[in-house]
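A quick write-up on the structure given underneath.
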There are 2 protein chains.
Amino acid sequence: MVIHYKDKTFFTGKDLALSIIGGRWKISIIWCFIQQSPLRLSEIQKKLPDVNQRMLIRQLRELEDDKIITRFVYPVVPPKVEYQLSEIGRLLEPVVTSICDWGDNFSDLLEKNDNKTSVD
Amino acid sequence: MVIHYKDKTFFTGKDLALSIIGGRWKISIIWCFIQQSPLRLSEIQKKLPDVNQRMLIRQLRELEDDKIITRFVYPVVPPKVEYQLSEIGRLLEPVVTSICDWGDNFSDLLEKNDNKTSVD
DNA sequence: CGGTATCCAAGCTGATACTG
DNA sequence: CAGTATCAGCTTGGATACCG
C-alpha cells in the first residue's frame, strides 16, 4: 500500500497518522476538544498554558488543513472564532484515551517503585 | 495529582506519557518492537531507514532511561546488542495500534473522497 | 557491529511586540 | 479576541571520520 498525501508518500497508515498527529502539541490540543467542544482560541490557551500562542495557532492551522478540526469565524467585532473536532477528528478519541491510560499506569508504577519520585 | 519525574512536574498522566513517547521517532521505534522482538540496532535501522543513526541511538537511550525498553550487550566480538520492550513498554501496544487503526481509517477516507490523492 | 564526535545546514520552537 | 511579524536559540538531519 502506498499513500500519497500533500506531496508526500507514506507506506503505512501509521506513518500517515504520525505525520498528522505527531506535531509537538497536537495530541494535547485534541485532548482539549474531547473534554469540551467547541472551543475558542482563548479557551484553548487557558487549557494549555505551556503552549505559546504562535505555536498553538500554527498547530491548529495544520490540524485544520488535515481536516481534523473545523474553524468557524463569527462575523462580529471583537472577533469570535470557534474550533471543534471534525468527524474523522473525533475518531482520534481512542488514541488520546489510550495515551492517557498508559500515562496513568506509568505514574502508578512510579508511585510504587521509584523512591526518587513522589506523587502528591 | 502532581507527578514529579526526572526533575519535571506533570499534572496529568497524559502529559507524562507525551513527554516519554512524544519524541520524534519513538512511536515508530516502539512499533518495530511490537512487530518483532528483540531487535539489534542494525535491524531497527533497516526497519526505519528514514531515521539517521545518531537520532535513532539518542531516542533508544531516552526510551531506555525511561524504562520503556531494555538493552542487553552480549560480551562478544564483534559487538552484539539486543533491544526489547520492557513490561511497561509492552503496555504501549494499545497506543500504537490505535494510531495505526486511525491512520488506516484516514487513508481509506482519502481513497474515497479526495481526488487529489491516490492510493495504489 | 554498535556506537561516539564533529561540523554544518535546515527546520522547529519560544518570547516578545504589534495589529485590525 | 484572534491573530501576524521578527528574531534568537534549540533540535534535528546528513555527511563524514573514527573507535573498541
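All values reported here derive from a predicted model rather than from experimental measurement.
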| Side-chain heavy-atom pair A/Leu39, A/Glu82 within 4.5 angstrom cut-off | no

| said: Can you confirm whether B/Trp31 sits close enough to A/Lys14 that some side-chain heavy atom of one is under 4.5 Å from a side-chain heavy atom of the other? | reply: yes

| What does B/Leu41 touch in the nucleic acid at a heavy-atom separation under 4.0 angstrom: a base, only the sugar-phosphate, or nothing? | sugar-phosphate

| said: Measure CD/B/Gln59 against P/C/dG3 and give the value in whole Å, please. | reply: 15 Å

| field | Value in whole Å for how far the P atom of D/dC10 lies from CE of A/Met55 | value | 17 Å

| request: Spell out yes or no: do the side chain of B/Gln53 and the base of C/dG2 have one donor N/O and one acceptor N/O closer than 3.5 Å? | output: no

| message | So B/Tyr83, base contact, sugar-phosphate only, or nothing? Heavy-atom distance under 4.0 Å. | response | sugar-phosphate

| query | Hey, does B/Arg54 reach any base, or is it just sugar-phosphate, or nothing, if we go heavy atoms under 4.0 Å? | reply | base

| task | May I have the distance from A/Ile57 (atom CD1) to C/dG14 (atom P), rounded to whole angstrom? | result | 14 Å

| remark: Result for side-chain contact (heavy atoms from CB on, under 4.5 Å) between A/Ile20 and one of A/Leu92, A/Ile68, A/Asp15 points to A/Ile68

| Which is it for B/Glu87 and B/Lys67 under the salt bridge (charged side-chain N to carboxylate O under 4.0 Å, His left out) test, yes or no, and what are the steps along the way? | CA-CA 9 Å; B/Glu87 195 173 332; B/Lys67 308 275 192 289; over 6 Å; no

| field | Nucleotide D/dG20, atom P - distance to NZ of B/Lys80 in whole Å | value | 24 Å

| note | Separation of C/dC7 atom P from B/Asn52 atom CG, nearest Å, is 17 Å

| task | Please tell me which of A/Asp50 and A/Pro79 maps to the more 5' nucleotide of DNA chain C, matching each residue to the nucleotide holding its nearest heavy atom. | result | A/Asp50

| task | Specify the separation, in whole Å, of atom CD of A/Glu43 and atom C1' of D/dG3. | result | 16 Å

| request: Would you classify A/Arg40 as touching base, sugar-phosphate or nothing, given that sugar-phosphate means primed atoms plus P, OP1 and OP2, and contacts are heavy atoms under 4.0 Å? | output: sugar-phosphate

| query | Counting only side-chain N and O atoms of B/Arg58, is one of them less than 4.0 Å from OP1 or OP2 of C/dA5? | reply | no

| note | Atom CH2 of A/Trp25 and atom C1' of C/dT13 are separated, to the nearest Å, by 10 Å

| message | Looking at every non-hydrogen atom in both residues, tell me the closest pair between B/Gln59 and B/Arg24 and how far apart they are. | response | OE1-N, 3.5 Å

| field | Side-chain N,O (B/Arg24) to OP1/OP2 (D/dG13) below 4.0 Å | value | yes

| note | A/Phe72 atom CZ is separated from D/dA2 atom C1', nearest whole Å, by 15 Å

